[in-house]
K.L.:
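First the structure, then my questions, so here it is.
Chain naming here is simple, since letters A, B, ... match the order of the sequence lines and numbering starts at 1 in each. Just so you know, these numbers use all the heavy atoms, side chains as well, and skip hydrogens, waters and symmetry mates.
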Amino acid sequence: MSSILELKNLHVSVGEKEILKGIDLEIKAGETHVLMGPNGAGKSTLGHAIMNDPRYEITEGKLFFEGENITEEDTDKRAKRGIFLTFQDPVPVPGISLGSFTRSALEQGGEKHIKLWDFAKKCKEVCGLLNMDKSYIDRDLNVGFSGGEKKKAEIFQLLMLNPKLAILDETDSGLDVDAVKTVSKGVEEYQKNGGTLLIITHSTRILDNLNVDKTHILIDGKIVESGSSCLIAKINQNGFEEYCKEE
Amino acid sequence: MKEKTYIEDIDESIYDFRFKEDEEDVLGRGIGSDLIDEISKEKGDPEWMRQFRQRSLEIFHKTHMPNWGPSIESLDMDRIITYIRPKARMKNKWEDVPEDVKQTFERLGIPQAERESLSGVGAQYDSEIVYHNLRAEVEKQGVVYTDLETAMRDEKYSEMIKKHFMKLIPPTDHKFAALHGAVWSGGSFVYVPEGVKVEIPLQSYFRLNAESAGQFEHTLIIIGKNSYLHFIEGCSAPKYYAASLHAGCVELYVGENATLRYSTIENWSKNMYNLNSKRALVEKAGKIEWISGSFGSHISYLYPTSVLNGEGSSSEFTGITFSGNGQDLDTGAKVIHNAPNTTSYMNTRSISKSGGVNTFRSEVIVKPQAKGSKSSVSCASLMLDSISRSDTIPVMDIRTKDADIGHEAKIGRISDEAVFYLMTRGLSEEEAKALIVSGFCENVSKELPVEYAVEMNNLIRMEMVGSIG
């Protein structure tokens, strides 16, 4: 299978502080990778650096998408290639509805003109899957959304845009049991459609129903262990303590 | 010199104005009573109007320049005089119209003939047909919609006009009101009789190109008891005058239990001093709704005022101001609660970028007799970068304890995080910022008729282009 995302010795800093200290990672098309680690290990930094968040600076190393070097590329170009990042706390944008925003994002992604009818139909399907009331579509993007609603709205966009690679940044944090199930159902759907996933999490609830190909443990800016989904069970049992001790 | 080309074909004798009175009054000293008479003669003013102009001129010379807002010292009055002269009107040259104005025409897809007209270049764009159809339609209901100069000479309306003209905004109000009184030219007159509800919005857009349309236009709207009118003035296409001063007047008289919605989107060329006065007088249970979009101009002073004169009358003001590089826009709204149980509501947005300055002034005056009145002011400002500026200056003068007054102001910057978030969904930086800005302005655009809302969004997009850098 061909490589979708490849990180080679990636070093990332915020200001003077180095957060990621040489990450090597390869994700192949259709695979699901899980990145786990304690708070402050640099998990979210990795997700955001892949999307070229201006707060982070890549000081060393390279980033490849489908074999092309995108280390210097702008965020929107990366999105247009098919990389999608969900936000832990997506920003409210007053005056723009979730629906019309999703539509303009779709148009950015190369779909020239989406028929209103087709779009509405797909919205309805996705809302059904995510137990979202259709009225969400007309609400201002993330404005007055509860934590759970925000996460659902992110998964809604994921399913609508159907990118090549989705990076889920702590999509399960702060959700109650039912909401986790719903979100997980949405991710499963994306996976079924052949999507490639990098799931960033420090808990494992969202993974219960998902096929995981690889798991990586990130401690203090370095991947200290990579393995199969068995690692998840191990973490669930023992936490990250043993890795931290090694440091 | 370019200035000379504007005036070369003008009768020399007009230049023989006298320098008179007031040594201090450097600005506008060149406007003499003979010039005003010239205008009166050209327009065929009735005698009362001729006298009114002369009186206004005297007031103009005696009144000092406003000294509390953005500086207007660099206003070139000599150039303005050139353009006040009747025969000099419409003498701009297409070559001299600034490039940015031409580009905006291009992007808005405005036909060349209309572009020239909007720029004050000779050719008149003939939109009379559209205008006639519209007028014929509303005439059936007894509505009068015509240009003010024609109406003034018509004996059916002359008394009504004389009774209302510059009574809400008297020439003594400020220096530019006085100038307006002296040199006003063109503008609309609308009269809606009692009980008549005008279904289609009347749009002065169609008439903008008439010879009379100009920088000192006067709009006079009188609507009777239980009537309804939506009047739309201006358009998003930039208006360019080499003389660089706009001092128009809008006077709105809203009858008992009547509703007037007055919408305007102004987009002045960036050399313009926009010193416009707008005022509404509202009778018992009447309502004035202002929707105001201010784009363009170098300096603006604009504070539409509602005088709530009858019990239970109300005003709603929805406004947006966008200032960019080299622009200092001083805008806001004013309400005078003059009767019991009156209500006012202000909701405004201002955006500044590339060093633009926005000042928002709100003034709410509640008189002692205005018991049981309510007022709510909410203004939000968005700065797109760290070199732009935004100020809010609220004034409240409440003379009764029995009033409910609220004020809310928010000033913020466009957040990098929001821009990044939108970019992760494939929008470019410019598109992301434009989207945030049009979302921010949504409260205004949703109040506008669809085609105007679309134009306003286009304008915002255009203003945003090149703002990244």
K.L.:
With a 6.0 Å cut-off on the ring centroids, do A:H48 and B:F420 count as close?
P.N.:
yes
K.L.:
Looking at A:L141, A:N142, A:D53, A:D140, which one has more heavy-atom pairs under 4.5 Å with chain B than the rest?
P.N.:
A:D53
K.L.:
Is the shortest distance from a Lys or Arg side-chain nitrogen in A:E26 or A:K8 to a carboxylate oxygen in the other one below 4.0 Å?
P.N.:
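No, A:E26 and A:K8 are not salt-bridged.
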K.L.:
Who among B:I436, B:V419, B:L427 has the most heavy-atom pairs with chain A under 4.5 Å?
P.N.:
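Looking at each of B:I436, B:V419, B:L427 in turn, B:L427 comes out on top.
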K.L.:
Could you check which of A:M51, A:R55, A:K80 has the highest count of heavy-atom pairs closer than 4.5 Å to chain B?
P.N.:
A:M51
K.L.:
Can a donor-acceptor pair be found, under 3.5 Å and without considering hydrogens, that links the side chain of A:N69 to the backbone of A:F64?
P.N.:
no
K.L.:
Given the side-chain rings of A:F87 and B:Y421, with only the six-membered ring counted for Trp, is the space between their centroids under 6.0 Å?
P.N.:
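Ring-ring flag for A:F87/B:Y421: true, centres closer than 6.0 Å.
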